[in-house]
Q: 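Mind looking over this structure? Questions follow.
So that the names make sense, note that chain A is the first sequence line, chain B the second, and so on, each numbered from 1.
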Amino acid sequence: MKTYDHTKIEKKWQEAWSKSKIYETKDSVSDTSSAAAKKENFYLLVEFPYPSGNLHVGHWYSFAVPDILARTLKMEGKNVLYPIGFDAFGLPAENAAIKNKVNPREWTESNMAYMREQLRSMGASFDWSREVVTCHPDYYRWTQWLFLQLFKANLAYRKETMVNWCPNDKTVLANEQVVDGKCERCGHEVVQKEMLQWNIKITEYADRLVDDLEKLDWPEPIKESQRNWIGKSEGAEIDFSLDFGEEKVNARTDADGKRAHITVFTTRPDTLFGATYLVLAPEHPWVTLTLQHKAILKNNEEVAVYVEQTSKKTELERQQETKEKTGVKLEGVVAVNPATGEKIPLYVADYVLAGYGTGAIMAVPAHDERDRAFAEKFGLPIREVVSDDRKLMHSGEYDDLSIEEGKKKITEVFGRRKTTYKLRDWIVSRQRYWGVPIPIIHCPSCGSVAVPDNQLPVLLPETDDYLPDGKGKSPLAKVESFVQVKCPQCGGDAQRETDTFDTFIDSSWYFLRYADPKNEKEFAAKDRQALWMPIDLYSGGAEHTTMHLLYSRFWHKALFDQGLVADSEPYLRRMNRGIILGPDGQKMSKSKGNVIDPDDVVRRLGADTVRMYLAFIGPYNEVASYPWNPDGVVGVRRFLERLWRAQELVVESDKLDDKSYSIIDRELHRTIKKVGEDAKQLKFNTAISQMMIFLNTIEKEKQIGKAQWETLLKLLAPFAPHMAEELWHESGRETSIHAESWPSFDPKLLVSEEGVIAIQIDGKMRGEITIASDSPKDAVEAAAREKVAARLEGKTITRTIVVPNRLVNFVTA
RNA sequence: GCCGGGAUGGCGGAAUUGGUAGACGCGCACGACUCAAAAUCGUGUAUCGCAAGGUGUGAGGGUUCGAUUCCCUCUCCCGGCACCA
């Protein structure tokens with residue numbers, strides 16, 4: 001017998017599969033088993049990789065393990081789309097460009113070329129003919145076009161927005177690029193800065209993003225994270241009128257003649273009677289306005305200093321000061337509590353956030369920890385208005401109402417219902433080079449004008465200067481030939497937008513392109529979309545729960561509203577995978593020296609071993625972290641070698657003796673059932689364990705029939721595709737095993753002829769008997785009783801519980 | 001602080017969803033082969049006990065004939081968010 005030479009076998013079959021195009025997915029396939037019927041399409045999506053330049057174990061875990069599911073479903077008769085591509089725009093390419101003077105395009109392309117080879121070494125059933133690369137103009141042309149549909153639908157706008165600004169790198173950073181208040185690139189402290197930025201109105205979809213979670217087959221924790229991130233709060237807005245006393249600077253400020261007032265947002269309107277002061281955020285518009293009119297506030301200077309100080313704080317400083325409250329009282333103005341008529345002071349304090357609610361709160365120190373801390377520090381009154389048994393008190397005619405009733409009543413009388421969200425609009429412009437140019441032209445007379453469809457794509461211009469200009473403009477601003485254009489509307493001189501898109505836009509729709517990757521007229525034709533969307537299962541990392549997953553759900557809904565896609569949700573089912581740690585149980589990192597190089601392991605032990613080991617390490621549908629165990633990989637290799645050697649035990653089916661045949665057949669049918677069911681539930685670990693049990697059975701019987709052997713190979717095929725193919729051909733077959741269909745099992749064979757029955761007395765194990773599985777209940781009970789007769793002596797049996805094929809339990813008095 | 005998820009041998013993990021806890025693999029021990037080692041194969045492996053028999057799924061309590069599984073209280077670990085009113 002030949003030795004198991006994984007290198008030779010894997011190379012041979014990867015080339016053969018590539019040549020025969022066995023994994024190219026047709027848009028629809030007729031089902032030969034039933035006339036005129038179509039095979040059911042199944043779309044299995046995994047998050048496409050960033051072309052970092054090298055595949056790590058995490059990539060294998062992300063792509064090679066779900067491939068087992070893709071292959072299983074294919075054999076079960078589904079037409080499975082399992083595509084791959086690259087999320088190819090982004091910061092690392094630009095960093096490499098600045099650092100090493102390489103062209104970001106070339107850097108990215110050569111990384112992708114290398115990674116394609118690495119990805120092929122997995123032996124995955126990717127359909128490479130549908131590859132999608134986000135930095136290619138034939139893709140980003142449609143990214144631009146889709147953005148313009150949102151722009152035209154009034155879902156994109158440009159606004160002065162507070163952004164994370166790194167003064168050292170002179171660029172805006174995304175929230176995810178700010179780590180502990182510092183720039184992830186250079187470590188410099190990040191500051192908040194007002195800048196003119198493109199935003200997308202994701203907040204307009206906040207309610208639907210929350211509500212539609214109900215109809216998704218997603219794990220509850222993921223849904224809950226999204227709900228928390230969106231942060232929907234039901235409450236009330238309440239107006240507090242202002243009183244300036246003697247001076248009456250402006251008893252009426254507004255043009256419409258309304259009394260000057262401050263509107264607060266609260267989720268506890270029931271505590272209105274306990275509101276003993278108001279707090280405004282330093283950036284609250286009323287504060288800004290008032291500071292310009294010196295006469296209004298008696299301590300104008302002091303307030304101005306406080307506001308100024310807060311604005312200079314870095315993100316890091318604000319985070320660190322969470323406990324100690326600061327603030328300034330506004331002299332010369334009081335607010336009137338609408339419920340009590342009491343005049344209460346106003347404060348400016350940075351514990352109130354400008355971006356949430358109305359940027360102003362009514363402080364109820366008796367029932368809010370933060371208000372209490374502030375009140376204690378500034379000596380403000382603390383008035384309890386809710387009793388320990390959760391009833392209102394000291395609240396006039398509302399006394400004795402429950403909290404819920406109080407909320408309702410007080411909102412009706414003194415305010416109005418209001419819902420707010422933590423979710424902010426999505427800032428999508430980046431002052432960077434390596435991204436999709438925003439397809440907008442700024443015209444002095446027409447404003448922001450969409451680039452017409454026939455001028456798309458707006459190509460990313462070539463340059464060799466990738467540094468930002470230092471004033472917050474992207475490197476594109478320095479390319480004059482790119483910037484200067486005529487306005488598409490009036491024909492006058494105009495300038496192109498020079499920012500590029502956040503890469504989360506690129507990844508918000510890539511899965512639609514897989515359905516129709518070569519289309520030059522549309523981002524994806526409707527009929528192609530209909531064949532594949534919505535996605536049946538989306539597998540990916542937990543880190544994307546509140547970023548990519550939320551952005552793409554929103555994007556899809558926006559497209560749905562424009563009639564561009566047929567579903568309001570892109571992913572029917574989502575699962576988050578866990579992560580693979582180093583052998584020391586720590587996160588893999590170069591500095592810790594615990595990084596496992598998959599290429600190296602593949603060279604030594606083979607792709608089939610690596611795939612199977614990762615599948616065997618633990619259940620795939622749980623967010624867990626599994627340490628890479630070098631001995632464990634060898635164990636899986638050992639299993640494959642034993643399987644390889646088991647070829648020698650194969651005999652013609654009619655030569656197998658009857659007893660052996662039935663023992664093997666029973667176990668085989670159990671294995672067919674378990675492997676198929678477990679694989680579909682992504683419990684590859686137990687599926688593999690059952691194959692191991694079956695191999696143990698073969699070795700014990702020292703023989704296996706040829707038909708049984710070939711059935712086993714089919715079960716193995718999704719897990720170890722190369723070895724299964726090789727053994728299949730060794731067995732005399734000439735077509736690919738991966739075109740075979742999944743074996744079926746005979747339910748009659750699942751039950752053993754005889755089984756072990758546990759015997760309990762009062763629930764405690766007292767023995768066991770082996771008895772025919774079809775024995776009548778009475779016979780089982782009698783046999784059991786006889787077995788433990790000695791123990792039952794002198795006891796009165798009040799009840800006997802018989803669980804078929806499981807146990808007999810005698811309950812005594 | 002809030003939200004979510006966990007806790008089972010030396011390790012990764014199983015357990016038909018209330019019915020023999022520890023499948024499968026790793027590790028370890030002993031044995032076979034070998035001059036020897038590696039590889040391979042065989043046997044054993046929760047724990048206390050020579051045994052009969054106890055005990056045991058983070059801790060404590062409860063429901064039940066029977067609890068890893070259901071209920072209550074607590075401890076610890078991991079992840080996310082965090083002055084969100």
Q: Could you please name the partner base of B:G18, counting Watson-Crick and G-U wobble pairs only when both distances are under 3.5 Å?
A: none

Q: Can a side-chain donor-acceptor contact be found between A:D239 and A:T263 if the only test is distance below 3.5 angstrom?
A: yes

Q: Going 5' to 3' through nucleotides 9-19 of chain B, assign each nucleotide B (protein heavy atom under 4.0 Å from a base atom), S (under 4.0 Å only from sugar-phosphate atoms) or - (no protein heavy atom that close).
A: ---BSS-B--B

Q: Going by the side-chain contact (heavy atoms from CB on, under 4.5 Å) test, name the single residue among A:V636, A:L716, A:L640 that passes it with A:D608.
A: A:L640

Q: Any luck finding a side-chain donor-acceptor pair between A:R637 and A:H6 under 3.5 Å?
A: yes

Q: Side chains of A:Y421 and A:Y356, heavy atoms from C-beta outward: is any pair under 4.5 Å?
A: no

Q: Which whole number of Å gives the distance between the C1' atom of B:G13 and that of B:C81?
A: 31 Å

Q: Separation of A:I688 atom CD1 from B:C24 atom P, in whole Å?
A: 15 Å

Q: Rounding to a whole Å, what distance do you find between A:L695:CG and B:G25:C1'?
A: 13 Å

Q: Does A:R638 make a side-chain N or O approach to OP1 or OP2 of B:U40 shorter than 4.0 Å?
A: yes

Q: Can you tell me how far P in B:U75 sits from the matching atom in B:G60, rounded to whole Å?
A: 15 Å

Q: Only pairs with both distances under 3.5 Å count, Watson-Crick or wobble alike; so what is the partner of B:C24 in this structure?
A: B:G12

Q: For A:R268, is there an ion pair with A:D270 - N to carboxylate O distance below 4.0 angstrom?
A: yes

Q: Which residue lies toward the 5' end of RNA chain B, A:G755 or A:Y421, if each is placed at its nearest nucleotide?
A: A:G755

Q: Below 4.0 angstrom, N of the basic side chain to O of the carboxylate: do A:D207 and A:K232 qualify?
A: yes

Q: Has the side chain of A:K325 got a donor or acceptor that lies under 3.5 Å from a partner of the other kind on the base of B:C83?
A: yes

Q: Syn or anti for B:G10, given that syn means the glycosidic angle lies within 90° of 0?
A: anti

Q: Can you check the distance between B:G12 and B:A7, where both ends of the measurement are the P atom (answer in whole Å)?
A: 12 Å

Q: Return the value, rounded to whole Å, for the distance between atom CZ of A:R637 and atom C1' of B:C26.
A: 17 Å

Q: In whole Å, what is the span from the CD atom of A:E768 to the P atom of B:A21?
A: 10 Å

Q: What's the gap between B:U16 and B:A39 when it is taken at their P atoms, as a whole Å value?
A: 36 Å

Q: B:G5 P sits how many Å from A:W218 CH2, rounded?
A: 17 Å

Q: May I ask you to decide whether A:R577 forms a salt bridge with A:E543, counting only side-chain N to carboxylate O separations under 4.0 Å?
A: no

Q: Would you indicate which nucleotide in B:C65, B:A85, B:U55 comes nearest to any side-chain atom of A:K764?
A: B:U55

Q: Does any nucleotide pair with B:A29 by Watson-Crick or G-U wobble geometry, both distances under 3.5 Å, and what is it?
A: B:U43

Q: Just the rounded figure in Å: distance from P of B:A85 to CZ of A:R372.
A: 18 Å

Q: Between B:U43 and B:A52, how many Å separate the two C1' atoms, rounded to a whole number?
A: 25 Å

Q: Check whether any side-chain heavy atom of A:W628 sits under 4.5 Å from a side-chain heavy atom of A:L581, and report yes or no.
A: no

Q: Between P on B:U64 and CG on A:D762, what's the gap in Å once rounded to a whole number?
A: 14 Å

Q: Quick one: look up who B:A51 pairs with, Watson-Crick or G-U, both distances under 3.5 Å, and put none if it's unpaired.
A: none

Q: In whole Å, what separates the P atom of B:U69 from that of B:G18?
A: 11 Å

Q: Please state the C1' separation for the pair B:A82 and B:C72 - nearest whole angstrom.
A: 30 Å

Q: With the threshold set at 4.0 Å, does a side-chain nitrogen-carboxylate oxygen contact exist between A:E404 and A:R390?
A: no

Q: Could you please name the partner base of B:G1, counting Watson-Crick and G-U wobble pairs only when both distances are under 3.5 Å?
A: B:C81

Q: Would you mind pulling out the nucleotide paired to B:A38, Watson-Crick or G-U wobble, both distances under 3.5 Å?
A: none

Q: Which nucleotide, in any strand shown, forms a Watson-Crick or G-U wobble pair with B:G58, with both distances under 3.5 Å?
A: B:C74

Q: What interatomic distance, in whole Å, is found between P of B:G22 and the corresponding atom of B:C41?
A: 25 Å

Q: Between atom CH2 in A:W644 and atom C1' in B:A39, what is the gap in whole Å?
A: 18 Å

